[in-house]
Amino acid sequence: MSRRAEIAAGLAAVKERIDAARAAAGRDDAVGLVVVTKFFPASDVRLLVDLGVREVGENRHQEAEAKAAECADLDLVWHYIGALQSNKAAAVARYAGVVESLDRPKLVRGLDRGAAERGSPLDVLVQVSLDPPGAEHRAGAAPDDVPALAAAVEAAEHLRLRGLMAVAPLGEDPAAAFDRLARVRERLLADHPHADRLSAGMSGDLEQAVAAGATHVRVGSAILGSRPAVR
Ligand SMILES: *Cc1c(COP(=O)(O)O)cnc(C)c1O
């Protein structure tokens with residue numbers, strides 16, 4: 001099978017899963033698909049665009065920056081979904097259309113500066129940690145810190161608060177974790193009704209995320225194949 005056919009098959013299967021999950025949840029709104037291209041070459045990004053994909057996700061600044069430059073001729077929105085260092089935030093804002101992983105106030109200033117330099121507002125999602133309290137910390141702000149972070153994004157001239165992003169913790173039923181996420185989202189929407197995006201769900205748990213109201217899923221391996229376990 002050609003690489004194009006392989007990707008086309010993965011894409012079709014994932015779209016079917018999303019549609020089935022929407023039907024099961026009784027949803028008739030659209031669920032956006034962000035294809036996570038980390039570790040895969042720019043040539044795969046070109047094939048994806050050829051197959052109709054317009055939104056791709058990356059989680060490492062250096063790799064993302066290089067790939068975005070290689071694909072500068074394509075009509076694409078790059079989602080930055082990885083850990084952010086405050087000294088790289090402005091650089092990320094130069095190629096990203098959406099930053100999904102804002103998880104501390106320190107990042108706001110750099111993102112805002114990068115967005116100002118490129119001359120267009122940057123869409124931002126606040127990343128929420130769904131780890132049970134006391135668990136070893138993974139990425140994301142604690143749910144109680146979300147209101148202050150959201151306010152900081154709103155106060156930044158060149159940033160637009162669009163909603164929340166989360167990753168289900170390992171070793172827990174993703175449905176339970178996404179249920180907590182839905183409650184964090186309700187609280188956010190009470191203060192910021194326009195911040196209605198919810199980016200949740202990956203190859204292994206997109207059904208549970210769609211059931212919990214995800215407006216976007218981020219899918220890599222189910223479309224592009226498995227990545228090396230450690231990188
Ligand atoms: C890698 C990654 C994904 C995609 O994971 P798959 O299991 O390959 O679908 C989604 N979200 C984030 C934040 C990631 O780092």
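Note that ligands are numbered from 1 as they come in the structure, with each ligand's atoms numbered from 1 the same way.
Nearest protein heavy-atom neighbour of atom 11 (N) of ligand 1: Arg218 NE, 2.9 Å. Scanning the protein heavy atoms around atom 10 (C) of ligand 1, the nearest turns out to be Met202 SD, 3.2 Å.
Note on Glu63 versus Lys38: no salt bridge recorded, every NZ/NE/NH1/NH2 to OD/OE distance being 4.0 Å or above.
Under the 4.5 Å side-chain heavy-atom criterion for ILVMFWY residues, a single connected hydrophobic cluster contains both Val128 and Leu161.
Contact annotation for Lys38 and ligand 1: only side-chain heavy atoms (C-beta onward) come within less than 4.0 Å of the ligand. Of all the heavy atoms of Val36, the ones lying under 4.0 Å from any atom of ligand 1 belong exclusively to the side chain.
Each of the following atoms of ligand 1 lies closer than 4.0 Å to a heavy atom of Arg227: 1 (C), 5 (O), 6 (P), 8 (O). Atoms of ligand 1 found under 4.0 Å from any heavy atom of Ser203 (numbered from 1 in listed order, with element): 6 (P), 7 (O), 8 (O), 9 (O). Residue Ile81 approaches ligand 1 through these ligand atoms, each under 4.0 Å from one of its heavy atoms: 11 (N), 12 (C), 13 (C), 14 (C). Near Gly220, the atoms of ligand 1 lying under 4.0 angstrom from a non-hydrogen atom of the residue are 4 (C), 6 (P), 8 (O), 9 (O). Here is the list of ligand 1 atoms found below 4.0 Å of a heavy atom in Val219: 9 (O).
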Could you give me the CA-CA distance, side-chain angles and deciding distance for Phe178 and Leu198, then say whether side-chain contact (heavy atoms from CB on, under 4.5 Å) is met? CA-CA 10 Å; Phe178 291 144; Leu198 185 62; over 6 Å; no
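In this structure, the side chain of Arg118 engages the main chain of Ser120 through a donor-acceptor pair within 3.5 Å. Judged purely by atom type and a 3.5 angstrom limit, Arg218 has no side-chain atom pairing as donor or acceptor with the backbone of Gly57.
Annotation: Arg109, atom CZ; neighbour count of heavy atoms from other residues, nucleotides and ligands within 6.0 Å does not exceed 12.
Ring pair His79/His216 is tilted by interplanar angle, where 30° to 60° counts as tilted.
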